[in-house]
Structure formats: structure tokens, C-alpha cells
Amino acid sequence: MTLLGWALTPAAAALLALLLWRGGLRGRLYLDALAVGVTLGAAVAVALAPFALRSNPQQFSPQTLAFLLAGLPEEGVKMIGVAAFLRGHYLARDRREIVFAAGALSLGFAALENIFYLANAGSGWAALAIVRALTAMPFHVCAGLAGGYIVASVRPGARGAVAAVAGWLGLAAIHGGYDFAVFAGAPGAVAPVAFQHAVAALRLDLATTLRALLSAAQGAAALAAILAVAALRDTPTAAASGRLARWARGRAF
């Protein structure tokens, strides 16, 4: 399994590079987006450090950890990053470039997050690195592509704000479902009583149900990314007019 993981990780990286290249993503835009993602990941890690989500000294419930302390803030920060730094970027000419740059931003975000996880993994860091490379990083990129599409497509005004919030909540729910399966299945964790009763009523095994939930969340993120990319049209964004103005905004950011 370890050899398979090491074999598949370069292939996954090559596939992502091919996807970015075929999407027409510019190198400088990609690097800027990656740097923004790393910076946002560091900011979130510092903000959540007092909660120590992995060791959970405050004894938060799995649902609180997953949805309130992980899903909502992480997806919100990534979407805000796309809106603030990529939608007005001087190299982003249309929605396609913004969406693929949002995937790069999420890749940087996930990479920084992985550093903190691996730093606390002890001797098991190699196995954890493989698992997160094959699961968490693609998950973040898929959610980032979907979030980038939402940000690049919303129009100014109340309706656009409502659509953006609805998209954020939807992605946060998917992310929360993924993290809930991870946190509830961690050693020493206790799944919510209502969840245990529901699983028992369906005559299912708790561990199997959590693995199914994890796979469902990954599938939902992948489907959201596929739909976002499939819906793209090479339509210039509202913020993309005026190269000089976009360059000035990009440098200011």
C-alpha cells in the first residue's frame, strides 16, 4: 500500500499540472495564487492553533470541530482569498483563469495545512503524508475549484451575495462531512449519540458508515469541481476591464 501511494502521488501531481496547463493558466498567476494559498493556510493555522483540533484538549464534539472550526472558516477564507486576490488580478482575464487559479490557491492552502499535520505526526509522518496527499489535497483542490467558480460568477448586489453565501455554506457542509468522518473516527473520539442511533437503526457498522461518509464527501467535492469546470465559458469578468487598473490592484494585494 505504501509503494502504491508513492507511485500514485507523482501521477496525481502530473495530472494536476496537465489540467492547469490545458486550462490556459498563466505561470505568474499560478505562482501568485499558490503563494496566497500558503499565506491563508498559515493565517488559519495560527487562528485555530489555540483550539488544537487534532489533540482536541477542549473536548469539542466531532461535529463542532468539523463544521464550525474547520469547514466554515476554511472554505470561507479560501473564497475570500479568491475574491480579494484573484478576481481582480491583472492576469485573470476570464472566469476560467480565476477558477483554475482558485484550485492553485487551494493547493497551497492544503500544502501548508499538511506541514502542520506532519510536524505533529511523530514517527508516523510518512504514512500520514501519503494518506493526505491522496485524499486531503485533492479534496481541497476540488472544493477550491468549485468555490472559485462561485466567486467568479456572482454578480454584485444582494442576489449575488445570497448566492455566494449559499455556495459557501454548501461547500462548508461538504467539507464538514469530510472532517466529521475523520474526527468521529479518530482514536478516543465519540460520535454523537443521535448519529450512533441512526447508524444502529439502519443496522450498519459505525466504522463502515464513517468511511462511506468520507467517500461521499470526496465524491461530492469532485462532482462540484467537475460541474464548475464544465460550466465555464471564456467570458471576461466584471473586474477584468483595464489591464493597468488590474495590474495596480494585483500589486497592491
Side-chain angles (χ1 to χ4, degrees), residues 15-41 71 74-111 137-175 219-253:
L15 181 61
L16 177 61
L18 176 63
L19 180 64
L20 294 171
W21 173 69
R22 291 299 299 270
L25 187 66
R26 298 158 182 254
R28 178 56 188 269
L29 178 59
Y30 169 78
L31 290 176
D32 284 359
L34 199 65
V36 169
V38 171
T39 304
L40 292 177
E74 289 187 16
E75 293 306 323
V77 165
K78 287 192 293 185
M79 289 179 66
I80 291 173
V82 175
F85 302 112
L86 301 182
R87 181 164 175 162
H89 197 285
Y90 72 102
L91 289 177
R93 298 176 301 183
D94 52 43
R95 291 191 304 171
R96 175 180 293 275
E97 292 183 340
I98 295 174
V99 170
F100 281 104
L105 182 152
S106 297
L107 184 63
F109 186 98
M137 295 192 75
F139 179 85
H140 268 290
V141 172
C142 287
L145 291 171
Y149 177 82
I150 294 169
V151 173
S153 302
V154 295
R155 298 183 179 277
R159 289 186 178 182
V162 170
V165 170
W168 166 49
L169 293 177
L171 290 175
I174 295 173
H175 193 142
L223 179 60
I226 291 171
L227 292 176
V229 173
L232 286 175
R233 298 291 185 272
D234 292 331
T235 304
T237 60
S241 60
R243 182 178 176 84
L244 181 60
R246 287 186 287 124
W247 181 87
R249 283 196 296 269
R251 295 309 88 210
F253 289 144

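These numbers come from the heavy atoms of this one structure, side chains and all, not from hydrogens, waters or symmetry mates. Counting from 1, the numbers follow the sequence of the chain as shown.
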query = Using 30° and 60° as the class limits, which term best fits the ring planes of H140 and H175: parallel, tilted or perpendicular?
reply = perpendicular
Residues G81 and L40: closest non-hydrogen pair is CA-CD1, 3.8 Å
Closest non-hydrogen atoms of Y30 and A104, given as atom of the first, atom of the second and distance, are CD1-CB, 3.5 Å
Between the CG atom in L145 and the CD1 atom in I98, the distance rounded to the nearest 0.5 Å is 13.0 Å
- Task: Could you tell me whether the side chain of D32 and the main chain of A35 form a donor-acceptor pair under 3.5 Å?
- Result: no
Tightest non-hydrogen contact, residues L232 and R96, listed as CD1-CA, 3.9 Å
Distance col, row F85:CZ vs L29:CG, nearest 0.5 angstrom, shows 13.5 Å
To the nearest 0.5 Å, atom SG of C142 lies from atom CG of L223 at 10.0 Å
Heavy-atom nearest pair, A228 first then A146, reads CB-CA, 4.0 Å
Which pairs would a plain distance check flag for residues 150-172, meaning a side-chain donor or acceptor within less than 3.5 Å of a matching protein atom at least two apart in sequence or in another chain?
residue: S153; atom: OG; partner: R95; partner atom: NH1; Å: 2.9
residue: S153; atom: OG; partner: Y149; partner atom: O; Å: 2.7
residue: W168; atom: NE1; partner: L72; partner atom: O; Å: 2.9

What one should report as the nearest heavy-atom pair of A101 and A33 is O-CB, 3.3 Å
Interatomic distance, CZ@F100 vs CG@L86, rounded to 0.5 Å, equals 14.0 Å
Here the pair of heavy atoms bringing G144 nearest to S106 is CA-OG, 3.0 Å
